[in-house]
Colleague: 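For reference, the structure I am asking about is given below.
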Amino acid sequence: MGWTWTLQSNNDKDLSGIEVPEFEDQTDAETWVGDRWQELLERGVDSVTLVEDGEVIYSGMSLHPPT
């Protein structure tokens, strides 16, 4: 296993159709979400959790811009 993201929706939207790759390192995983956060937000993702080999590294990172 490696690094991956789990996706969360505040309104229980089905996010199973969004493919999230697995990455070899944290930098690649963070770059991926940084490049795609707007697309993910448009598809109903409200926040993401970074996971390494099944262990949560950080969770609940909002994709919404600060207000």
Colleague: Counting C-beta onward and ignoring hydrogens, is there a side-chain heavy-atom pair between E52 and I57 closer than 4.5 Å?
Modeller: yes

Colleague: Measuring only between side-chain heavy atoms, which start at C-beta, is D53 closer than 4.5 Å to W3?
Modeller: no

Colleague: Quick one about T4 and E22 (side-chain donor to acceptor, distance below 3.5 Å, no hydrogens or angles considered), yes or no?
Modeller: no

Colleague: Please check if the number of heavy atoms outside D35 that lie under 6.0 Å from its CG is greater than 12.
Modeller: yes

Colleague: Who pairs with S16 by side-chain hydrogen bond (donor to acceptor under 3.5 Å, both in side chains), at least two apart in sequence or on another chain?
Modeller: D14

Colleague: Are the side chains of V48 and L63 in touch, meaning some heavy atoms are under 4.5 Å apart?
Modeller: yes

Colleague: With a 4.5 Å limit on heavy-atom distance, are the side chains of M61 and W37 in contact?
Modeller: no

Colleague: Does the side chain of L15 come within less than 4.5 Å of V45's, by heavy atoms?
Modeller: yes

Colleague: Set out, in order, the CA-CA distance, both residues' side-chain angles and the distance that settles side-chain contact (heavy atoms from CB on, under 4.5 Å) for T31 and F23, then state yes or no.
Modeller: CA-CA 10 Å; T31 298; F23 304 91; over 6 Å; no

Colleague: From L50 CG over to T6 OG1, what is the distance, rounded to the nearest 0.5 angstrom?
Modeller: 8.5 Å

Colleague: Could you measure the distance from the OG atom of S47 to the CG atom of L41? Nearest 0.5 Å is fine.
Modeller: 10.5 Å

Colleague: Is there a donor in the side chain of E30 and an acceptor in the side chain of Q26, or the other way round, less than 3.5 Å apart?
Modeller: yes

Colleague: For the residue pair Y58 and W5, categorise the inter-ring angle as parallel (less than 30°), tilted (30 to 60°) or perpendicular (more than 60°).
Modeller: perpendicular

Colleague: E39: what forms a salt bridge (charged side-chain N to carboxylate O under 4.0 Å, His left out) with it, not counting sequence neighbours?
Modeller: R43

